[in-house]
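Here is the structure we will look at.
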Amino acid sequence: VKLTGRNGYQFFNKTMQQNAERTAYLQMEMTKALNDQGFELYFQPIVSTQNTHIAKAEILLRWKLHGEFVSPEEFIPIAEHSGLIVPIGKWVREKAIKLINQFVEQNTPIALSVNVSTCEFLNDELQHQFIDSIKSCSEQSCKTAFPFELLTLEITESLMMDQHQNIENLLIRLREWGIKISVDDFGTGYSSLSYLANFPVDQIKIDKAFIQKIEQGARHKALVEAIASMSNALELTVTAEGVETQTQLDFVKTQKVDDIQGYFFYKPMPQQEFLALVEKQFCS
Ligand code: C2E
Ligand code: CA
Ligand code: CA
Ligand code: CA
């Protein structure tokens with residue numbers, strides 16, 4: 001009995017140590033990647049429910065380490081804990097702003113959304129940096145007024161929960177410029193619905209966990225229906241995320257959902273492929 005207990009203990013310890021080593025390793029490699037252009041942006045087109053045209057795309061970070069992709073599910077939390085998400089997030093937004101500008105110049109106006117971690121807003125200093133970087137980059141990349149309405153920031157419920165007055169002020173300011181604020185993974189957090197009524201947001205993304213249970217029965221459908229109708233009552237734009245099957249698509253279409261994102265239409269793709277797709281849509 002003692003032996004098993006001890007083995008169990010050692011095993012537990014070893015896993016923990018391996019995890020810590022992997023985290024430290026990834027953190028170090030991420031710092032290098034940031035300096036050596038080791039990150040890449042992928043684009044997942046989002047189609048309008050009405051005509052399945054590409055109206056928007058979500059930018060998703062990709063990182064290849066020694067020839068293999070590391071999942072964002074693994075490296076984003078490490079970037080958040082280490083603070084590396086701040087320069088990474090800034091880099092992603094600057095790329096997005098430049099690309100929006102390019103789209104407008106070539107007459108293919110596609111809206112781009114970027115993910116923002118709650119820890120990028122954590123204090124006054126970071127909030128100033130956040131505002132400044134968007135402002136200066138948009139001024140640099142655009143001769144005339146930058147079309148802020150083509151930029152969406154995807155935040156999560158945790159940001160609304162933190163209930164800092166200054167975060168609310170920051171979002172209000174960004175929205176005054178025309179930037180759209182979207183609540184990502186809606187329904188998976190613990191925020192109370194009252195935040196939704198008070199917080200300055202434009203859009204809701206129904207989490208893929210809800211969409212993917214649609215086939216499982218009426219109760220799951222009812223949940224999607226409820227989220228969609230509540231969002232509509234609050235006059236928010238609704239995106240269904242993670243639509244993979246015809247059944248899911250058919251159901252979502254019966255709901256007041258504005259946009260669809262999911263493998264059924266498009267998977268995230270490299271920039272070149274995305275640009276070619278956009279060009280094809282606008283030029284044919
Ligand atoms: P997210 O923001 O919820 O992004 C949507 C995720 O769902 C993406 O995973 C996308 O590839 C995946 N997805 C889209 N459609 C489908 C579908 O039909 N089926 C399935 N099974 N999956 C689908 P990905 O790219 O692995 O990203 C994971 C998460 O990493 C993102 O979840 C987001 O929270 C985070 N992330 C990615 N890029 C960034 C970034 O630049 N900044 C920050 N802060 N977080 C990021
Ligand atoms: Ca997102
Ligand atoms: Ca999401
Ligand atoms: Ca997610």
Side-chain angles (χ1 to χ4, degrees), residues 26 30 33-34 38-47 54 56-64 68-97 99 111-122 126 130 133-134 151-159 180-189 191 201-215 224 227 231 237-249 251-252 257 259-271 273-274:
L26 290 180
M30 243 189 282
L34 197 57
F39 290 110
E40 198 184 338
L41 299 182
Y42 268 45
F43 296 77
Q44 186 177 24
I46 300 172
V47 304
I54 301 167
K56 313 173 180 177
E58 176 173 3
I59 298 187
L60 294 157
L61 203 53
R62 291 291 178 268
W63 180 29
K64 217 180 234 172
E68 271 187 50
F69 282 113
V70 184
S71 165
E73 309 273 5
E74 183 178 19
F75 75 78
I76 293 286
I78 298 171
E80 290 176 341
H81 280 115
S82 62
L84 277 172
I85 196 67
V86 172
I88 292 174
K90 184 169 179 251
W91 179 78
V92 173
R93 288 189 296 277
E94 287 177 356
K95 289 274 185 191
I97 288 171
L99 202 55
L112 295 179
S113 54
V114 295
N115 292 286
V116 181
S117 293
T118 298
C119 40
E120 293 180 73
F121 287 106
L122 231 46
L126 287 176
F130 191 92
S133 76
I134 291 187
L151 179 65
T152 301
L153 302 178
E154 299 194 359
I155 64 169
T156 53
E157 288 172 53
S158 65
L159 193 75
K180 302 271 185 285
I181 307 294
S182 177
V183 182
D184 202 359
D185 303 342
F186 182 76
T188 59
S191 75
V201 299
D202 305 277
Q203 192 191 338
I204 280 223
K205 297 184 82 169
I206 305 179
D207 193 71
K208 58 178 179 288
F210 295 109
I211 303 297
Q212 293 179 349
K213 284 184 185 139
I214 281 171
E215 275 111 343
V224 172
I227 296 175
S231 306
T237 306
V238 187
T239 304
E241 189 182 77
V243 174
E244 290 184 358
T245 67
Q246 185 72 53
T247 312
Q248 290 163 3
L249 177 66
F251 178 70
V252 159
V257 167
D259 302 303
I260 297 165
Q261 177 176 3
Y263 295 173
F264 185 85
F265 288 107
Y266 299 103
K267 287 190 174 178
M269 59 184 80
Q271 178 161 333
E273 203 176 311
F274 174 63

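In this text the structure is predicted, and so the values were computed from the model without any measurement. Start at 1 and go down the list; that is how both ligands and their atoms are numbered.
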Side-chain donor/acceptor of Asp184 to backbone N/O of Thr156, under 3.5 Å
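Side chain of Asp184 to backbone of Thr156, a donor-acceptor pair under 3.5 Å: no, none is there.
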With backbone taken as N, CA, C and O and side chain as the heavy atoms from C-beta onward, which portion of Ser117 lies under 4.0 Å from ligand 1: side chain, backbone, both, or neither?
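It is both parts that get close, each with some atom under 4.0 Å.
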I need the contact type for Gln44 against ligand 1. Using non-hydrogen atoms and a strict under-4.0 Å cut-off, is it side chain, backbone, both or neither?
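Only the side chain of Gln44 comes within reach of ligand 1.
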Can you list the atoms of ligand 1 that are under 4.0 Å from a heavy atom of [X]?
X      : answer
Glu241 : 3 (O), 5 (C)
Asp185 : 3 (O)
Gln212 : 19 (N), 20 (C), 21 (N)
Glu58  : 2 (O), 4 (O)

Should Ser71 be listed as contacting ligand 1, given a heavy-atom distance under 4.0 Å as the test?
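Heavy atoms of Ser71 never come under 4.0 Å of ligand 1.
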Below 4.0 Å from ligand 1: does a non-hydrogen atom of Gly89 turn up there or not?
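Outside the 4.0 Å threshold, so no.
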Within-cut-off N or O pair, [X] and ligand 1, under 3.5 Å:
X      : value
Gly262 : no
Lys208 : yes
Glu154 : no
Arg62  : yes
Asp184 : yes

Closest heavy-atom contact between [X] and [Y]?
X      : Y      : answer
Glu74  : Pro77  : O-CD, 3.5 Å
Phe264 : Glu244 : CD1-O, 3.5 Å
Leu61  : Pro72  : O-CG, 3.7 Å
Ser182 : Lys205 : OG-CG, 3.6 Å

Using the ring of each side chain (for Trp, its six-membered ring), is Phe39 parallel, tilted or perpendicular to Trp63, with breaks at 30° and 60°?
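Geometry flag for Trp63 against Phe39: tilted rings.
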May I ask you to test the Ser82-Met30 pair for a side-chain heavy-atom distance under 4.5 Å?
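Side-chain contact under 4.5 Å: no.
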Any side-chain heavy-atom pair of Glu157 and Asp185 under 4.5 Å:
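No, every pair of side-chain atoms sits at 4.5 Å or beyond.
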Just going by heavy-atom distances, which of Ile76, Thr118, Ile155 is nearest to atom 45 (N) of ligand 1?
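Of the listed residues, Ile76 has the closest heavy atom.
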Selected option - heavy-atom contact closest to atom 42 (N) of ligand 1, from Thr245, Ile46, Asn115:
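Among Thr245, Ile46, Asn115, the closest heavy atom to atom 42 (N) of ligand 1 belongs to Asn115.
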Show the numbers, then the answer: is there a side-chain hydrogen bond (donor to acceptor under 3.5 Å, both in side chains) between Ser158 and Thr118?
CA-CA 7 Å; Ser158 65; Thr118 298; 2.7 Å; yes
Only one of Gln203, Lys180, Gln44 clears side-chain contact (heavy atoms from CB on, under 4.5 Å) with Lys56; which?
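Filter result, single survivor: Gln203.
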Applying the side chain to side chain donor-acceptor pair (under 3.5 Å) test to Asn115, which of Glu120, Arg93, Glu58 qualifies?
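By the side chain to side chain donor-acceptor pair (under 3.5 Å) criterion, Asn115 pairs with just one of Glu120, Arg93, Glu58: Glu58.
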Pair Val257, Val224 - check side-chain contact (heavy atoms from CB on, under 4.5 Å), show working.
CA-CA 10 Å; Val257 167; Val224 172; 5.6 Å; no
Classify the side-chain pair Glu154/Ser113 by whether it contains a donor and acceptor separated by less than 3.5 Å.
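The answer is yes; a qualifying pair exists.
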Which protein N, O or S atoms does the Ca ion (ligand 2) have within a distance shorter than 3.0 Å?
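Only Glu58 OE2, Asn115 OD1, Glu154 OE1, Asp184 OD2 fall inside 3.0 Å of the Ca ion (ligand 2).
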